[in-house]
There are 2 protein chains.
Amino acid sequence: MPRTDRVMDLLELLRGRGAVGVGALADELGVSRRTILRDLATLRARGLPVTGEAGPGGGVRLEAERGVTAVHLALDEVVSLWLAARLSRAASDLPWGDAARRGLAKLLASLPRERARDLRALCRRVVVGPPASERVRGATGRPPPELLSRFEAAFLGGRGLAFAYVDAAGRRSERRIEPHGLLVQPPAWYLLARDLDRGEPRTFRMDRVSAPRLLAEVAFRPDPAVVAANLPAGVDWQPLGT
Amino acid sequence: MPRTDRVMDLLELLRGRGAVGVGALADELGVSRRTILRDLATLRARGLPVTGEAGPGGGVRLEAERGVTAVHLALDEVVSLWLAARLSRAASDLPWGDAARRGLAKLLASLPRERARDLRALCRRVVVGPPASERVRGATGRPPPELLSRFEAAFLGGRGLAFAYVDAAGRRSERRIEPHGLLVQPPAWYLLARDLDRGEPRTFRMDRVSAPRLLAEVAFRPDPAVVAANLPAGVDWQPLGT
DNA sequence: CTGGACAGTGACGGAAACTGTCACCATGCC
DNA sequence: GGCATGGTGACAGTTTCCGTCACTGTCCAG
């Protein structure tokens, strides 16, 4: 992970957490103790009130911050949490995951109304399948974040999306699509779409997509039927959203 | 200037300023236009709503941060979400649950400082076991909410707890305990405690507890050793909190 | 409908920053 | 004293980063 990302993650970890050991942070971020200390120095240099205490029970902490900073949740974070809650519910057949769902509901309720509405609209078009039985080759488990945010913008704005795609055989092609939904089948994410050039439903594995861009000139209305048409029959697919 | 600092500066510049030209940002930060574009890509990849408009009068801007500001989460909600994130991470061996974990970290970051501290202190005394192999008879999967909040108050305030208990054989008794921790073994939750009358560690299934009340006159210091003493040996128990 | 202003992308080689390791000091608690 | 923890300095190998350049796409004005 690039240093910049790590330092920003570190800041988020420190926010709202009390004293944490440098070693724990190092493990959590997958980097050496020394590096964490350097990162902390960077934050201090920016004027953030990071203090440390030596001795057993010590640790570093972020003192009270001036001002209120809003936390921005990305689409994949919401989807993953939601999914996690459901997984854990399924895992132990009883109403175990209910508390997790309640927590999420509160989370959604705390968002500004528009953002919550958007997220709900998105989640209604997210379909969750059973984890892939075979290991999906090369799937990383997280779709490229900027592709997700493009998808978000395209879906919510009702605009087309264009991107470069490399299929399973390694052939590169340029695609123009209407994005109608997402399929999450751990560890891979798929785009459920209508191919504008071929005029038929298509599924694209998100980690094979690159250079996505909005097609301002293409307008469409998201259609659940396209999502359904992209799903193979006979499998227990479930919609994520309510 | 190191990239990390520049990116954080850039974010601060974008906050509280409307549309700015990439060229202007480049001058301001003493770096090339291309580099600014890369930095913007980094911010987008973190899920920040950075948008750009082409044409004269265009520029990039940070959309109003539509984020979480404050949520009140109950202990079981946090525990469940945390657990869910971990489960889903374990379920599909690779970084799948990372997004969930990040989301959760942000969520915790949005909590008021004291509440977050308390929740962390509590989570450090929550132990997660493997799901019960046999169906636990009558366990509902969620402990009585008012018992949880009493537990919270008692643990954080270092006070004793009294309640009525019905054991597996159906015998009713009145108990006075020091609450030292929780054991979560889906679908059941257990109280890990020291029994004040018997003077030894005891485990109580939470759905068999009723009429809990604080014992203002009993003060104690939460002790990890009592938690450990309540766990059967040879099982893979894991602490929830870090 | 043309030119210009501006966002955004891809590629590449030299330069700079970053990282892990190791040794060591300081501090607080038992 | 012994131990756990935060904090610093130095160094070499490696990774990342950066400016440059060429190009595409979009929007607006004239």
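Every chain is numbered from 1, with letters handed out A, B, ... down the list of sequences.
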Engineer: Kindly write out the residues that satisfy salt bridge (Lys or Arg N to Asp or Glu O under 4.0 Å) with Glu174(A), not counting sequence neighbours, or none if the list is empty.
Structural biologist: Arg213(A)
Engineer: List in chain and number order the residues that pass side-chain hydrogen bond (donor to acceptor under 3.5 Å, both in side chains) with Asp197(A), two or more places apart in sequence or in another chain; answer none if no residue qualifies.
Structural biologist: Arg176(A)
Engineer: Just jot down the side chain to side chain contact (heavy atoms under 4.5 Å, CB included) partners of Asp27(B), sequence neighbours excluded, or say none.
Structural biologist: none
Engineer: Can you list everything that forms a salt bridge (Lys or Arg N to Asp or Glu O under 4.0 Å) with Asp195(B)? Sequence neighbours excluded, please.
Structural biologist: Arg175(B), Arg198(B)
Engineer: Distance-only, no hydrogens or angles: does the Asn230(A) side chain make a donor-acceptor pair with backbone N or O of Ala193(A) under 3.5 Å?
Structural biologist: yes
Engineer: Tell me every residue that passes side-chain hydrogen bond (donor to acceptor under 3.5 Å, both in side chains) with Glu53(A), counting only those two or more places apart in sequence or in another chain.
Structural biologist: none
Engineer: Output the rounded distance in Å from CG (Asp5(B)) to C1' (dT16(D)).
Structural biologist: 16 Å
Engineer: Shoot me the first and last contacting nucleotide of DNA chain C against chain A, ordered 5' to 3', at under 4.0 angstrom to non-hydrogen atoms.
Structural biologist: dG10(C) to dC29(C)
Engineer: Classify the nucleic acid contact of Arg6(B) as base, sugar-phosphate or nothing, counting any heavy atom under 4.0 Å across all strands shown.
Structural biologist: sugar-phosphate
Engineer: Could I get the full list of salt bridge (Lys or Arg N to Asp or Glu O under 4.0 Å) partners for Arg34(A), not counting sequence neighbours?
Structural biologist: none
Engineer: Taking atom types as modelled and ignoring hydrogens, do the side chains of Thr51(B) and Arg44(B) form a donor-acceptor contact shorter than 3.5 angstrom?
Structural biologist: no
Engineer: So if I define the base as every atom that isn't primed, P, OP1 or OP2, how would nucleotides 4-13 of chain D read as a B/S/- string at a heavy-atom cutoff under 4.0 Å?
Structural biologist: -BBBBB----
Engineer: Could you check how far CZ of Arg3(A) sits from C1' of dT15(D), rounded to whole Å?
Structural biologist: 13 Å
Engineer: Are Thr35(B) and dC18(D) close enough that a side-chain N or O sits under 4.0 Å from OP1 or OP2?
Structural biologist: no
Engineer: Once salt bridge (Lys or Arg N to Asp or Glu O under 4.0 Å) is applied, do any residues pair with Arg6(A), and if so which ones, sequence neighbours excluded?
Structural biologist: Asp39(A)
Engineer: Once you build an axis from the first five pairs and another from the last five of the helix from dC1(C)-dG30(D) to dC30(C)-dG1(D), how far apart in angle are they, to 10 degrees?
Structural biologist: 60°
Engineer: Under the side chain to side chain contact (heavy atoms under 4.5 Å, CB included) test, which residues partner Val166(A), sequence neighbours left out?
Structural biologist: Arg172(A)
Engineer: Which whole-number value in Å describes the distance from Met1(B) CE to dC18(D) P?
Structural biologist: 10 Å
Engineer: Can you name the side chain to side chain contact (heavy atoms under 4.5 Å, CB included) partners of Asp223(B), sequence neighbours left out?
Structural biologist: His180(B), Ala225(B), Val226(B)
